[in-house]
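In what follows, a structure is listed as structure tokens, so that the remarks can point back to it.
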2 protein chains.
Amino acid sequence: MSKGVRTRAAILGEALSLMSTDGLSGLTIGLLAERTGLSKSGLFAHFGSKEQLQVAVLQEAQACFTAHVIRPVLGLPRGLPRLEAFAEGWWTWNRSPPFPGGCPIQAASLELDDRPGLLRDEIAGAQRRLRAFIRQGAAMAIAAGHFRPGLDCTLFAFQMVGIAFAQTMTCRLLGEPEGLDFVRRAWRLQVEGALGSAHNQTGEMNHVE
Amino acid sequence: MSKGVRTRAAILGEALSLMSTDGLSGLTIGLLAERTGLSKSGLFAHFGSKEQLQVAVLQEAQACFTAHVIRPVLGLPRGLPRLEAFAEGWWTWNRSPPFPGGCPIQAASLELDDRPGLLRDEIAGAQRRLRAFIRQGAAMAIAAGHFRPGLDCTLFAFQMVGIAFAQTMTCRLLGEPEGLDFVRRAWRLQVEGALGSAHNQTGEMNHVE
DNA sequence: AAAATAAACGAACGATCGTGCTATTGTCAA
DNA sequence: TTGACAATAGCACGATCGTTCGTTTATTTT
């Protein structure tokens with residue numbers, strides 16, 4: 001591993017932390033240089049432009065999410081077990097990711113949704129891949145007989161993404177400690193609504209907890 | 001209405017547009033002065049500091065949301081009718097608010113969730129009030145016999161907020177035209193899960209003041 | 001060890017940031 | 001119509017932004 005690659009990795013790590021608290025627009029070259037102990041121009045040379053730096057940081061964030069949340073559950077049995085583990089891992093990531101701030105991708109999703117360009121494409125791709133992962137997870141649960149056939153997996157992914165956003169708002173912005181409870185209960189309701197009829201016969205779905 | 005108040009209102013209107021596309025951090029005094037045809041210092045004098053300008057814009061955004069989404073449904077019968085109308089109004093607001101960009105409050109919620117201060121307090125207050133409104137709406141639906149007793153209204157609000165965020169991601173970031181369908185179906189599932197057991201899925205209900 | 005290449009620095013650039021001043025214009029009551 | 005005061009403009013400031021360029025220091029290869 002050459003020197004350049006090593007410093008670049010260190011820069012991206014620090015950039016992730018900075019971005020998680022201050023957002024993509026708060027990620028400034030001067031500040032980043034100061035935190036990494038490099039000169040502005042020395043750091044700049046690694047990326048060639050601000051936009052390329054931002055793209056690199058977004059990709060690093062995705063890689064980090066994959067390593068922390070996706071990869072650990074790939075060894076689990078397909079279907080509900082894997083989906084449940086992924087959910088729990090995701091809620092944990094959202095509440096306390098390996099950065100001082102919140103999930104950078106979630107924040108950037110709302111920051112960039114009206115500004116076409118490389119950055120938005122990068123974020124949109126990340127969100128599409130995430131939803132595809134959830135969709136396929138739900139599809140596997142159907143194939144395994146856990147979820148009922150006929151379940152709309154795209155809608156399932158849509159709902160799960162919603163829970164994740166609501167969690168960030170509740171746990172981070174409002175700082176409500178009981179936020180995680182709501183997340184788990186909302187997720188439980190969603191899973192119960194997707195279960196196969198064998199599991200579903202025990203009681204009315206409207207039944208309160 | 002004095003001159004100063006009028007210009008201030010014009011500034012805030014333009015600021016809302018700017019913020020909806022570029023975010024709170026993209027809302028810059030120089031740019032805002034240019035768009036309103038004022039000088040930087042002339043505009044600045046209206047607010048005294050950047051932070052106070054930002055606070056004013058956030059309050060303006062709340063007022064705009066109230067006028068467009070909340071107020072119109074207050075005349076409707078309490079309970080499910082009002083809640084349904086609010087939902088539809090909210091989805092419309094999210095998809096095409098009266099600004100060129102997306103909902104500024106939603107964006108600011110994720111932008112500020114890690115930076116304590118006046119701005120975060122303002123946004124957090126707005127989100128708390130919104131959730132309280134939903135919570136009370138659900139409570140009225142219980143009182144009117146539309147929703148089952150025992151429904152957790154706080155959880156209900158949590159879930160609804162999640163749908164709204166997921167909508168923004170789907171409709172704005174990903175630009176999927178069928179996004180609104182998912183929103184409506186997710187919302188329908190949530191409502192059906194909250195209906196009183198005496199009620200069927202025909203939507204028939206009692207009117208209660 | 002010397003030569004070749006990569007990495008980092010230092011200084012400067014034009015632009016823009018938020019924010020003070022002082023002057024000048026415009027508005028509104030007497 | 002005039003005098004008081006609110007509203008806006010003009011100018012300048014220090015700081016920081018992203019970026020370029022030439023130089024110097026490290027690293028790698030020969």
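Chain letters run A, B, ... following the sequence lines, proteins first and then strands; every chain starts at 1.
Here B/L38 lies in heavy-atom contact (under 4.0 Å) with sugar-phosphate atoms only. Nucleic acid contact class of B/G48 (heavy atoms, under 4.0 Å, all strands): none. No contact: A/A45 has no heavy atom under 4.0 Å from any strand.
In this structure, the CZ atom of A/F47 is 12 Å from the P atom of C/dA7, given to the nearest Å. Whole-Å rounding puts the A/F44 CZ to D/dG18 C1' distance at 6 Å. Straight-line distance from the CG atom of A/L18 to the P atom of D/dC17: 10 Å, rounded to whole Å. The CG-P distance, from B/L31 to C/dC17, rounds to 7 Å in whole Å. To the nearest angstrom, C1' of D/dC17 lies 13 Å from CG of A/L27. Put simply, NZ on B/K3 is 19 Å from P on D/dC5, counting in whole angstrom units. Between A/I11 atom CD1 and C/dC9 atom P the separation is 10 Å, expressed in whole Å. Summarising the geometry, the separation between CG on B/L43 and C1' on C/dG20 is reported as 16 Å, rounded to the nearest angstrom.
Between B/H46 and the phosphate of D/dA6, there is no side-chain N or O to OP1/OP2 separation shorter than 4.0 Å. Here A/T28 reaches the OP1 or OP2 of D/dG18: one of its side-chain N or O atoms lies under 4.0 Å away.
Under a 4.0 Å N-O distance rule, the pair B/R184/B/E88 qualifies as a salt bridge.
Out of C/dA12, C/dA8, C/dG20, the shortest distance to the side chain of A/K40 is found at C/dA12. Nearest to the side-chain atoms of B/T7 among the listed nucleotides D/dC17, C/dA8, D/dA7 stands D/dA7. Which of C/dA7, C/dT19, D/dA7 sits closest to the side chain of A/S2 comes down to C/dA7. Distances from the side chain of A/S39 to the nucleotides C/dC9, C/dA12, C/dT19 place C/dC9 closest.
Classification of the B/W90-B/F65 ring pair by plane angle, with boundaries at 30° and 60°, yields perpendicular. Ring geometry for A/F156 versus A/F147: interplanar angle of 30 to 60°, hence tilted.
Put simply, the side chain of A/S41 and the base of C/dG10 share a donor and an acceptor less than 3.5 Å apart.
A pairwise comparison of heavy atoms in A/L76 and A/A85 identifies CD2-CB, 3.3 Å as the closest pair.
Inspection of the A/R131 and A/T154 side chains reveals no N or O donor paired with an N or O acceptor under 3.5 Å.
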